[in-house]
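Right, one structure below, let's go through it.
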Amino acid sequence: MINHHFSEATLLSYALGTLPAHFDILIECHLEQCAHCRQLLNQAEAIAGNLLDDTMPLPLSQTEAEEKLTAIFDQLDDELIHRQNTNDNRKENIQQQSEPALAAISPLNDILPQRLKNVLNADFAGSDWQFLAPGVRSIKLPYTPETKMQGSFRLLKIAPGVRIPEHTHTGNELTLVLKGSFSDEIGRFQIGDVAELDDENTHQPIADSTEECICLIATEAPLEFKTVLPKVFQQFVGI
Amino acid sequence: MAEILLLQTDENTLTPKLAAKLLQKVGMQQNKAAFGRLYVYFAPRIKAYMFSLGCHESDAEDLTQKTMMQIWRKAALFDPCKAAASTWIFRIARNQRIDALRKDSKLSREELDFDTIPDDSSNAEYELDRIQHANHIRKAIKFLNEDQSRIIHLSFYEGLSHSMISEKLNIPLGTVKSRMRLAFSKLKLHLEDSLND
């Protein structure tokens, strides 16, 4: 049972395609499991569709329209011919597709959402958990930064009973629970739940069950820790 | 290609019902006249949308052509019970733009289809009915206050995420989020009202 969802603002931004890639991937991992957010997404996209309807159209003359339509049908015809010619080769190619990148890491393989597995490349298969602080480890995930904001995309593993020091965020942070659970000032977050935080919250999440807690986290900016000691770790590991 | 019967290109109205019918004709019969009608309505809007997001004119043109072609290719997948034509078309345009920006095909949303996930919620069908009849957002925008409509404008027409809006307007991220939430609620409310018309 999922209790914590994205804000409407995040889903609307996702619907409009205005979020960075790593946010999109995390959101899609949650959407796989959450009918509530999928419904909100449908509504957001319906609103976007209507905004498209209301967009002032650029001028299009009769001649231009006919030319462009002809160009479209010509290209579609070419594609059809090309497809027919290469159909025989297709069956062979399907069998040659490479194995999913994460077949090698069995413990993670079970908890990582399919969407995430699909976007990680083969380099990831060799990554180990990196020490961040006592009881806290992380794996940095590859992504392409599109904006000038420094962001990160990582898996975080918190040992039972361990608390992340008090910190806040510039910009957004999304956290998706993949295993175990954590609690913070807002509530308890379990598998499938998402925590959404921004520059107005500070929080001190604690892994609150007997299991380790593994989360997927996407941020737009480095975390800002409130105490000095974590800052030292921050410099070393670049979160 | 003489079989394309093109109505005058100042034929600028297309009701959601008609758009859905045309899309179905394209999907089921490969009807070029129906596609032509959709083209004259949507292509100039898609191009204006891409242009407003900051594309150069030639890129906007290119993305519009790509979007229209994709509409032709995928029309058979359009289900009028699941979304309005403009919603479905918007998704394709948005995905084309994302693909052009990101270049890594693994990041593409084109193959994602959350509609195929079975929905246990009993509200699902009623909800989708509402969406199908959504025709009144334009009136709904008038009910947004200035702050809210500014934010919708920046999100949709300028493609800014809520963090970018916060930076641009120099207001806290939390404020942007709550204005978006309110705008979203008001616009959804008018989606409901439209069923009574």
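We use all heavy atoms of the structure for the numbers below, so side chains are in, but hydrogens, waters and symmetry mates are not. In what follows, chains are A, B, ... by sequence order, proteins preceding strands, each numbered from 1. Predicted model only: the values in this text are computed from it and were never measured.
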Side chain to side chain contact (heavy atoms under 4.5 Å, CB included) evaluation trace for A/Glu8 with B/Met180: CA-CA 7 Å; A/Glu8 285 92 336; B/Met180 276 181 110; over 6 Å; no
Does [atom1] belonging to [X] count more than 12 external heavy atoms closer than 6.0 Å?
X        : atom1 : value
A/Glu185 : CD    : yes
B/Arg109 : CZ    : yes
B/Phe51  : CZ    : no
A/Lys68  : NZ    : yes

Atom pair [atom1]/[atom2] of [X] and [Y] - distance to nearest 0.5 Å:
X       : Y       : atom1 : atom2 : result
B/Phe35 : A/Phe73 : CZ    : CZ    : 5.5 Å
B/Leu38 : A/Leu69 : CG    : CG    : 10.5 Å
A/Asn50 : B/Thr87 : CG    : OG1   : 6.5 Å
A/Leu58 : B/Met50 : CG    : CE    : 12.0 Å
A/Leu16 : B/Arg97 : CG    : CZ    : 9.0 Å

Looking at [X] and [Y], what are the two nearest heavy atoms and their distance?
X        : Y        : answer
A/Leu19  : B/His162 : CD2-CE1, 3.7 Å
B/Arg91  : A/Asn42  : NH2-OD1, 3.3 Å
A/Leu51  : B/Tyr157 : O-OH, 3.3 Å
B/Ser86  : A/Leu52  : O-CD2, 4.3 Å
B/Ser163 : A/Asn172 : OG-ND2, 3.2 Å
A/Met56  : B/Ala48  : O-CB, 3.2 Å

Toward chain A, the part of [X] with a non-hydrogen atom under 4.5 Å:
X        : answer
B/Trp88  : neither
B/Arg73  : side chain
B/Leu160 : backbone
B/Glu158 : neither
B/Ile152 : side chain

May I ask you to name which of [options] has the most heavy-atom pairs under 4.5 Å with chain B?
options                           : answer
A/Ala44, A/Gly17, A/Gly49         : A/Gly49
A/Pro59, A/Ala71, A/Ser7, A/Ala15 : A/Ala15
A/Leu11, A/Leu12, A/Leu41         : A/Leu12

Side chain to side chain contact (heavy atoms under 4.5 Å, CB included) between A/Ile72 and B/Tyr39, intermediate numbers included: CA-CA 11 Å; A/Ile72 286 177; B/Tyr39 186 93; 3.8 Å; yes
Toward chain B, the part of A/Glu28 with a non-hydrogen atom under 4.5 Å: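 Answer is both: backbone and side chain atoms of A/Glu28 are under 4.5 Å from chain B.
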Proximal component of A/Phe23, with respect to chain B [non-hydrogen, under 4.5 Å]: neither
Greatest number of heavy atom pairs closer than 4.5 Å to chain A - which of B/Ala183, B/Ser166, B/Gly159: B/Gly159
Short N-O contact, A/Asp53 and B/Arg45, less than 4.0 angstrom: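 So A/Asp53 does not pair with B/Arg45 through a salt bridge.
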Carboxylate-amine/guanidinium proximity below 4.0 Å for B/Arg94 and A/Glu45: yes
Side chain proximity check, A/Glu196 to B/Lys177, heavy atoms < 4.5 angstrom: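 Yes, close enough: below the 4.5 Å cut-off.
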From CA spacing to verdict: side chain to side chain contact (heavy atoms under 4.5 Å, CB included), A/Asp24, B/Leu107: CA-CA 9 Å; A/Asp24 281 1; B/Leu107 298 173; over 6 Å; no
Derivation of the side chain to side chain contact (heavy atoms under 4.5 Å, CB included) call for B/Phe184 and A/Leu40: CA-CA 10 Å; B/Phe184 191 62; A/Leu40 273 179; 3.4 Å; yes
